[in-house]
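Step one of this worksheet: look at the structure below.
Naming convention: chains lettered A, B, ... in sequence-line order (proteins, then strands); numbering from 1 in each chain.
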Protein chains: 2
Amino acid sequence: MTTIPIPEGSPFGLANLPYGVFSSPGGAPRVGVRAGDSVVDLARALGDEVFARPSLNAFMAQGHERWAEVRSRVTEMVSGEVPGDAVFAVDAVTLHLPFEVADYVDFYASEHHASNLGRLFRPDAEPLMPNWKHLPVGYHGRAGTVVVSGTGIVRPRGQRKAPADAAPTFGECRRLDIEAELGFVVGTGSLLGTPIGCDDFARHVFGAVLVNDWSARDIQAWEYVPLGPFLGKSFATSVSPWVVPLAALEHARVPTPPQDPEPLPYLRESAPWGLDVDLAVEWNGEVVSRPPYREMYWSPAQMLAHLTVNGASARTGDLYASGTISGPAREQRGAFIELTWGGKEPVKVNGEERTFLEDGDEVVISATAPGPDGARIGFGDVRGRVLPAAH
Amino acid sequence: MTTIPIPEGSPFGLANLPYGVFSSPGGAPRVGVRAGDSVVDLARALGDEVFARPSLNAFMAQGHERWAEVRSRVTEMVSGEVPGDAVFAVDAVTLHLPFEVADYVDFYASEHHASNLGRLFRPDAEPLMPNWKHLPVGYHGRAGTVVVSGTGIVRPRGQRKAPADAAPTFGECRRLDIEAELGFVVGTGSLLGTPIGCDDFARHVFGAVLVNDWSARDIQAWEYVPLGPFLGKSFATSVSPWVVPLAALEHARVPTPPQDPEPLPYLRESAPWGLDVDLAVEWNGEVVSRPPYREMYWSPAQMLAHLTVNGASARTGDLYASGTISGPAREQRGAFIELTWGGKEPVKVNGEERTFLEDGDEVVISATAPGPDGARIGFGDVRGRVLPAAH
């Protein structure tokens with residue numbers, strides 16, 4: 001048996017204990033919990049085969065009471081002693097996509113982001129559509145191209161047409177962008193015809209990850225009317241390797257900003273699920289933005305209630321993301337198209353003027369949230385480097 | 001051993017042999033082939049465990065050379081003798097969803113449908129958007145709510161706002177509609193960053209099904225700007241239980257209508273993949289429309305090439321549908337919103353004037369295509385009955 005050292009101030013302390021899927025050299029991928037700079041092999045430490053799998057799905061499907069029970073056992077174990085052969089240094093393992101993605105939905109829940117994008121994409125119209133304050137606008141994305149942090153992002157090719165062009169041309173994306181988001185992972189689903197109410201959020205959602213919803217703005221601008229974004233988004237969506245349990249975010253709960261008009265009854269929460277999560281976006285090592293999740297207009301409980309109110313079933317492994325997180329200030333914008341105002345107001349990155357992503361650029365999005373007794377809950381990060389287009 | 005009787009003129013003759021998943025009373029779901037009015041249990045008949053599974057996915061993943069080999073063996077067997085315990089009457093078995101759906105994409109490939117919807121949803125603007133003739137417009141739908149033919153369709157509830165209303169209200173969908181479509185099932189996928197060219201269509205696509213993309217028009221009209229349809233579509237999408245192999249559609253191949261302007265090179269086919277499939281839409285037993293698939297502007301090979309040109313990977317079980325099939329004539333329109341012109345021009349159904357779907361209504365979409373020597377290739381049908389909203 002061994003004890004796990006947890007460095008003072010670690011964002012992966014006892015109040016966090018996020019889940020992921022890892023492999024050690026020569027070993028098969030399996031479920032682990034992060035504590036400090038260590039990963040605990042749960043199948044080995046708890047002797048339960050549900051963790052000897054390459055995804056969290058089977059464990060998540062066991063339901064919220066079981067999640068609480070395992071969290072309590074892991075907390076006790078990490079505070080005391082753990083079988084020595086179940087502990088790995090995080091730097092010595094490979095991290096994998098932590099869950100099999102069932103359906104992927106992307107919302108659009110930041111008023112600042114939706115207003116900025118409205119001004120940029122539709123300069124002659126009201127920036128916010130009439131429906132925006134009545135429902136969390138969202139759409140389905142491509143589940144099969146959700147990749148784990150660290151996966152290289154090949155610059156997409158496609159059709160794009162600038163307003164001045166007579167016809168579209170085919171070629172490399174010239175306006176490759178990021179979207180800094182938080183994603184929510186459904187642990188237990190619901191039956192067709194059975195909506196999930198706002199107050200049942202924590203019975204269904206297992207935890208949260210960071211999401212980078214890579215976006216090809218030139219492809220998107222040409223294709224998206226009238227059925228929404230498609231190839232401008234579907235080439236890759238990156239998620240962080242650690243799923244922070246919802247239980248670890250209890251101290252981060254805050255009210256959403258005031259919602260006016262009052263939402264319809266199915267969107268009313270009896271306790272708030274706004275979240276005080278601070279993100280940071282690094283572009284080639286330099287922090288260029290600090291998006292504040294607490295500014296999001298719609299809560300993740302409202303998003304899930306909306307997603308299922310028509311009777312759509314949810315499944316274990318469903319991922320739904322918040323949409324770009326942007327605050328009111330320029331340096332709080334979670335997408336480069338907003339930060340550089342469509343490329344017209346470059347930002348300085350390591351002394352160079354930059355607008356959209358160039359080949360070789362790396363983007364790292366990280367986040368923390370308040371925990372108990374002044375602790376910080378870390379999400380780790382989601383990172384990706386842009387690779388040249390394939391030819 | 002036994003022989004399988006194939007009635008004269010059966011749409012399930014030797015030239016068809018579609019695949020599905022069935023169970024006999026007390027048995028587990030497994031792969032079967034339909035011949036005449038019989039289903040052949042392939043695991044039992046061929047002694048291959050890949051068919052002793054509740055979905056076609058494992059077989060589809062084996063690739064197009066294997067599909068050809070199995071089709072050849074099945075053709076030989078059904079023309080001769082089959083083990084008696086491998087043959088079931090189709091009326092005596094239960095049919096299941098034939099494949100696990102990975103990602104679901106819905107296109108919008110009928111010029112007549114897109115023009116009609118444009119006029120109805122955006123009466124003051126050009127009906128076709130500027131991008132429409134340059135690329136097959138599409139969007140991702142909800143894979144988790146794809147259901148097999150026969151599943152009851154619970155009327156969805158949601159937000160809707162008529163233009164005259166001051167604010168949206170919540171309640172039952174009042175404009176419940178269908179969309180008659182053809183769907184294409186990906187057998188073997190592709191790697192991230194590796195587009196599938198038009199001419200590789202038949203190496204990747206296993207077969208075709210009928211699709212009814214149920215649509216809540218009032219919910220859709222309020223929610224869909226700017227990110228596309230979401231809850232107006234995600235409550236249910238029905239597919240037929242038989243997957244018609246692409247090989248059975250060789251005689252149905254026709255050129256698409258002329259494409260002007262000429263598509264960009266990645267959308268050019270060296271041999272046509274338009275399909276001469278005749279659909280029929282029955283509303284409570286009365287045929288109200290006969291949509292002609294041959295009128296579709298974009299071919300399914302072009303749809304797959306577009307879907308992956310940005311580097312998005314495809315997976316075994318991906319389903320992509322054509323979008324509503326509508327011809328130029330009124331009685332060829334594949335959605336009731338078009339057929340009744342937004343509800344303003346009712347159609348007679350069993351002597352009653354009807355616009356959108358009422359509780360208890362049943363819709364059955366069927367289709368056939370030309371086979372060799374005057375034979376018809378049947379798709380069977382996709383059916384669904386509207387159930388009252390849940391409260």
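You'll find the side chain of A:Val309 reaches within 4.5 Å of the side chain of B:Phe170, heavy atoms only.
Only the side chain of B:Leu267 comes within contact range of chain A, with at least one heavy atom under 4.5 Å from a heavy atom of that chain. Heavy atoms of B:Leu264 lying under 4.5 Å from chain A belong exclusively to its side chain. For chain A, the nearby parts of B:Pro130 are the backbone and the side chain; heavy atoms of each come within less than 4.5 Å. Of the two parts of A:Leu387, neither the backbone nor the side chain holds a non-hydrogen atom closer than 4.5 Å to a non-hydrogen atom of chain B. For a residue to count as touching a neighbouring chain, one of its non-hydrogen atoms must lie under 4.5 Å from one of that chain's; by this rule B:Leu192 touches chain A with the side chain only.
Interface summary for chain A: among B:Gly189, B:Ala102, B:Gly141, B:Ala314, the most heavy-atom pairs under 4.5 angstrom belong to B:Gly141. Residue with the most contacts toward chain A among B:Gly311, B:Ala390, B:Pro229: B:Pro229 (heavy-atom pairs, distance under 4.5 Å). Taking B:Pro156, B:Pro168, B:Gly158, B:Gly193 one by one and counting their heavy-atom pairs under 4.5 Å with chain A, the maximum is reached by B:Pro168. Residue with the most contacts toward chain A among B:Ile219, B:Val137, B:Val154, B:Leu135: B:Leu135 (heavy-atom pairs, distance under 4.5 Å).
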Going through the checks in order, is the side-chain contact (heavy atoms from CB on, under 4.5 Å) test met by B:Val105 and A:Phe230? CA-CA 9 Å; B:Val105 164; A:Phe230 186 33; 3.7 Å; yes

Donor-acceptor table for chain A and chain B, threshold 3.5 Å:
{"from": "A:Asp103", "atom 1": "OD1", "to": "B:Ala143", "atom 2": "N", "distance (Å)": "3.0"}
{"from": "A:Asp103", "atom 1": "OD2", "to": "B:Ala143", "atom 2": "N", "distance (Å)": "3.3"}
{"from": "A:Asp103", "atom 1": "OD2", "to": "B:Gly144", "atom 2": "N", "distance (Å)": "2.7"}
{"from": "A:Asn131", "atom 1": "ND2", "to": "B:Trp222", "atom 2": "O", "distance (Å)": "2.9"}
{"from": "A:Asn131", "atom 1": "ND2", "to": "B:Glu223", "atom 2": "O", "distance (Å)": "3.4"}
{"from": "A:Asn131", "atom 1": "ND2", "to": "B:Val225", "atom 2": "O", "distance (Å)": "3.0"}
{"from": "A:His134", "atom 1": "O", "to": "B:Gln159", "atom 2": "NE2", "distance (Å)": "2.7"}
{"from": "A:His140", "atom 1": "NE2", "to": "B:Arg142", "atom 2": "NH1", "distance (Å)": "3.1"}
{"from": "A:Arg142", "atom 1": "NE", "to": "B:Ser313", "atom 2": "O", "distance (Å)": "3.1"}
{"from": "A:Arg142", "atom 1": "NH1", "to": "B:His140", "atom 2": "NE2", "distance (Å)": "3.1"}
{"from": "A:Arg142", "atom 1": "NH2", "to": "B:Ser313", "atom 2": "O", "distance (Å)": "3.0"}
{"from": "A:Arg142", "atom 1": "NH2", "to": "B:Asp318", "atom 2": "OD2", "distance (Å)": "2.9"}
{"from": "A:Ala143", "atom 1": "N", "to": "B:Asp103", "atom 2": "OD1", "distance (Å)": "3.0"}
{"from": "A:Ala143", "atom 1": "N", "to": "B:Asp103", "atom 2": "OD2", "distance (Å)": "3.3"}
{"from": "A:Gly144", "atom 1": "N", "to": "B:Asp103", "atom 2": "OD2", "distance (Å)": "2.7"}
{"from": "A:Gln159", "atom 1": "NE2", "to": "B:His134", "atom 2": "O", "distance (Å)": "2.7"}
{"from": "A:Gln159", "atom 1": "NE2", "to": "B:Tyr266", "atom 2": "OH", "distance (Å)": "3.0"}
{"from": "A:Trp222", "atom 1": "O", "to": "B:Asn131", "atom 2": "ND2", "distance (Å)": "2.9"}
{"from": "A:Glu223", "atom 1": "O", "to": "B:Asn131", "atom 2": "ND2", "distance (Å)": "3.4"}
{"from": "A:Val225", "atom 1": "O", "to": "B:Asn131", "atom 2": "ND2", "distance (Å)": "3.0"}
{"from": "A:Leu231", "atom 1": "O", "to": "B:Asn310", "atom 2": "ND2", "distance (Å)": "2.8"}
{"from": "A:Ser234", "atom 1": "OG", "to": "B:Asn310", "atom 2": "ND2", "distance (Å)": "2.9"}
{"from": "A:Tyr266", "atom 1": "OH", "to": "B:Gln159", "atom 2": "NE2", "distance (Å)": "3.0"}
{"from": "A:Asn310", "atom 1": "ND2", "to": "B:Leu231", "atom 2": "O", "distance (Å)": "2.8"}
{"from": "A:Asn310", "atom 1": "ND2", "to": "B:Ser234", "atom 2": "OG", "distance (Å)": "2.9"}
{"from": "A:Ser313", "atom 1": "O", "to": "B:Arg142", "atom 2": "NE", "distance (Å)": "3.1"}
{"from": "A:Ser313", "atom 1": "O", "to": "B:Arg142", "atom 2": "NH2", "distance (Å)": "3.0"}
{"from": "A:Asp318", "atom 1": "OD2", "to": "B:Arg142", "atom 2": "NH2", "distance (Å)": "2.9"}

